[in-house]
Student: 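Before anything else, here's the structure in question.
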Amino acid sequence: MTRNSESYATTQDMAAKYRLSDHTVRRKAQTGEWPCDRIGRLYRFSPDQQDEIAQIIAGTRPGGYDKDRIAAALRKLSDQDDV
């Protein structure tokens with residue numbers, strides 16, 4: 001199932017939703033605290049990323065980069081290369 005680009009949220013959308021400034025949303029995206037897609041200087045948030053951000057804000061998921069998840073993904077990729 002694909003989702004169209006209309007379901008992507010802008011920085012302004014996220015700021016309004018969580019009652020934050022645009023600057024705060026951009027900083028969280030820029031530092032990696034919030035997942036996002038970057039298009040040039042613009043940040044866009046997919047529906048899956050919006051769900052993840054909601055979990056971060058609710059405190060049910062840690063923010064930022066998950067080093068263990070990244071390491072596991074890299075190991076999986078290197079294992080595929082060895083086959």
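One is the number of the first residue; the rest follow in order along the sequence. In what follows, every heavy atom counts, from backbone to side chain, and hydrogens, waters and symmetry copies are set aside.
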Student: Give every donor-acceptor pair under 3.5 Å between a side-chain atom in residues 13-23 and any protein atom, sequence neighbours left out.
Tutor:
{"from": "D13", "atom 1": "OD1", "to": "T10", "atom 2": "OG1", "distance (Å)": "3.4"}
{"from": "D13", "atom 1": "OD2", "to": "T10", "atom 2": "N", "distance (Å)": "3.0"}
{"from": "D13", "atom 1": "OD2", "to": "T10", "atom 2": "OG1", "distance (Å)": "3.2"}
{"from": "S21", "atom 1": "OG", "to": "T24", "atom 2": "N", "distance (Å)": "3.1"}
{"from": "S21", "atom 1": "OG", "to": "T24", "atom 2": "OG1", "distance (Å)": "2.9"}

Student: Report the residues that fulfil side-chain hydrogen bond (donor to acceptor under 3.5 Å, both in side chains) with Q49, sequence neighbours left out, ordered by chain and then residue number.
Tutor: D37, S46

Student: Test your reading of the model: is there a side-chain donor-acceptor pair from R26 to the backbone of K28, 3.5 Å cut-off?
Tutor: no

Student: Just by distance, do the side chain of T60 and the backbone of Q55 share a donor-acceptor pair under 3.5 Å?
Tutor: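 Side chain of T60 to backbone of Q55: a pair is present.
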
Student: Output the distance between atom CH2 (W34) and atom OH (Y43), rounded to the nearest 0.5 Å.
Tutor: 13.0 Å

Student: Are I57 and V25 in one and the same hydrophobic cluster, where Ile, Leu, Val, Met, Phe, Trp and Tyr link if side-chain heavy atoms are under 4.5 Å apart?
Tutor: yes

Student: To the nearest 0.5 angstrom, please state how far the SG atom of C36 sits from the CD atom of Q50.
Tutor: 11.5 Å

